[in-house]
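Quick notes on the structure that follows.
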There are 2 protein chains.
Amino acid sequence: MAKRRKVGNLMALAVLSALVQQPMHPYQMASVLREHGKDQNMKIKWGSLYTVVQNLEKHGLIEAAESLRQGGRPERTVYRITEAGRAELTDWVRELLSTPEQEQSRFTAALSVMAVLSPREAADLLSQRLIALDKALAARRSALAEAAREVPRLFLIEEEYELAVAEAEIGFVRGLLGELTSGTFPGLADWQAFSETGIVPPELAELMERGLHPQ
Amino acid sequence: MAKRRKVGNLMALAVLSALVQQPMHPYQMASVLREHGKDQNMKIKWGSLYTVVQNLEKHGLIEAAESLRQGGRPERTVYRITEAGRAELTDWVRELLSTPEQEQSRFTAALSVMAVLSPREAADLLSQRLIALDKALAARRSALAEAAREVPRLFLIEEEYELAVAEAEIGFVRGLLGELTSGTFPGLADWQAFSETGIVPPELAELMERGLHPQ
DNA sequence: TCTTGATTACTCGTTCACGAGTATACGCAT
DNA sequence: ATGCGTATACTCGTGAACGAGTAATCAAGA
């Protein structure tokens with residue numbers, strides 16, 4: 001059972017891991033994360049970054065090391081990780097690594113309401129997705145290969161994982177698309193009829209009622 | 001480019017799709033979604049549900065149809081979808097289906113900071129994950145097979161997708177675990193040394209500095 | 001020299017997400 | 001009849017997530 005973290009945002013994890021390397025101030029964290037390609041998967045949201053840093057401090061996971069002001073007006077506070085912060089980091093990573101937890105993806109949500117479109121259109125949109133996915137995969141693959149020449153695999157492993165998942169998605173979409181365009185997808189005729197006439201085939205009508213058990 | 005939705009929460013998508021079938025009041029939406037197994041992927045969060053319904057109404061995507069009070073005190077407002085709501089729903093589904101967008105997963109985050117643990121421990125945790133994943137996959141597979149006897153595939157397609165992704169994750173974890181336990185993972189010795197002594201091997205030290213370009 | 005644009009480094013107000021809490025009705029066992 | 005657990009149907013306050021806005025510095029060009 002995933003225990004409630006004092007600071008649950010995954011950006012907090014990134015901040016802690018950045019501070020393990022060396023103390024730094026918030027803006028520098030952002031640069032470091034960006035250089036590590038973290039902004040690819042996780043756009044840096046400024047509001048969140050500063051809130052997260054504040055919360056981490058409030059809970060004693062990080063602390064202000066010094067506060068230097070030079071030239072530029074706004075005083076930059078350099079933070080360092082505390083012992084409690086290190087403990088939280090390792091404990092958190094342990095939990096995240098060992099305990100799978102299904103998260104909802106936007107694509108899953110889309111698939112679950114795909115029936116509101118016509119099968120033709122759905123197929124059309126899926127083929128657009130497929131093209132985009134293929135392109136993105138190729139780009140990421142070559143970027144990974146490029147990076148692998150300098151950076152040890154340990155620090156690229158998350159990208160490898162993402163690529164594996166992306167491949168699976170591509171396989172799924174390709175398969176589904178094949179069934180839709182070849183007409184072998186079961187129930188395609190009913191779906192087609194429904195989307196044209198708005199009439200739910202009798203054997204489906206019964207199913208749609210189920211679960212409503214009105215009142 | 002994903003346009004900004006008036007109501008961006010994916011629960012709004014679920015609400016709209018529920019209301020396409022028939023008008024209903026918020027609590028009934030929750031029941032319907034639950035019966036459709038939506039609570040598996042997306043725990044129903046009461047606060048969000050009512051906020052989302054409010055926002056949908058505010059933006060004219062749904063409207064109050066009637067407000068009946070019978071027996072039970074709290075007045076239940078029945079909502080129905082508007083034309084604008086239907087348009088938003090289809091447009092949104094179109095976008096979600098056609099446009100991939102990488103979302104960050106907790107496991108990806110975990111992998112990206114895996115280096116803070118020792119390779120031994122990481123392997124250990126990954127094998128725990130693998131066991132849990134296998135078990136969950138088996139359960140979901142048989143649940144899907146069960147459901148497929150009654151429900152047309154069109155309405156189970158999102159679960160098929162999730163299973164495909166889950167299989168890919170299992171494959172990845174199994175592979176990584178294999179490399180870690182067999183010792184074929186590149187850089188394993190360095191990682192091991194670092195986790196025991198805290199000393200970063202010289203060729204890595206240089207890498208860790210990179211991206212910091214202090215000030 | 002003066003302006004312009006890019007970079008650094010945040011701040012602030014709004015929106016959003018949530019989950020614990022509340023309150024009533026209904027069925028059923030005592 | 002009366003108490004008790006469970007299902008129904010929300011409400012509300014807290015706290016998190018954001019993203020546009022601000023403001024200073026610096027470098028380079030006109």
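Every heavy atom of this structure was used, including side-chain atoms; hydrogens, water molecules and symmetry mates were not. Proteins get letters first, then strands, A, B, ... in listed order; numbering begins at 1 in each.
Atom C1' of nucleotide D/dA17 and atom CD of A/Gln54 are separated by 13 Å, given to the nearest angstrom. What separates CD of A/Gln28 from P of C/dC10 is a distance of 11 Å, to the nearest Å. Rounded to an integer number of Å, the gap from A/Met11 CE to D/dG19 C1' is 13 Å. Atom CD1 in A/Ile44 sits roughly 16 Å away from atom P in D/dA20 (whole-Å rounding). What separates OH of B/Tyr50 from P of C/dT22 is a distance of 17 Å, to the nearest Å.
Contact check for A/Leu13 versus A/Val93: side-chain heavy atoms found under the 4.5 Å cut-off. Between B/Arg80 and B/Ile62 there is no side-chain heavy-atom pair separated by less than 4.5 Å. Between A/Glu160 and A/Arg153 the shortest side-chain heavy-atom distance falls below 4.5 Å.
Between the CG atom in A/Asp124 and the CD atom in A/Glu121 there is a gap of 7.0 Å [rounded to 0.5 Å].
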Distances for protein N/O vs nucleotides 14-18 of chain C N/O pairs under 3.5 angstrom?
| from | atom 1 | to | atom 2 | distance (Å) |
| --- | --- | --- | --- | --- |
| C/dA17 | OP1 | B/Asn9 | ND2 | 3.1 |
| C/dA17 | OP2 | B/Asn9 | ND2 | 3.1 |
| C/dC18 | OP1 | B/Lys45 | NZ | 3.1 |
| C/dC18 | OP2 | B/Ser48 | OG | 3.3 |

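An OP1 or OP2 oxygen of D/dT8 is reached within less than 4.0 angstrom by no side-chain nitrogen or oxygen of B/His25. One finds a side-chain N or O of B/Tyr27 lying less than 4.0 angstrom from the OP1 or OP2 phosphate oxygen of D/dT8.
Ring orientation note: the planes of B/Tyr161 and A/Phe107 are nearly perpendicular, at an angle over 60° on the 30°/60° scale.
With sequence neighbours excluded, no residue forms a ring pair (Phe, Tyr, Trp, His ring centres under 6.0 Å) with A/Tyr50.
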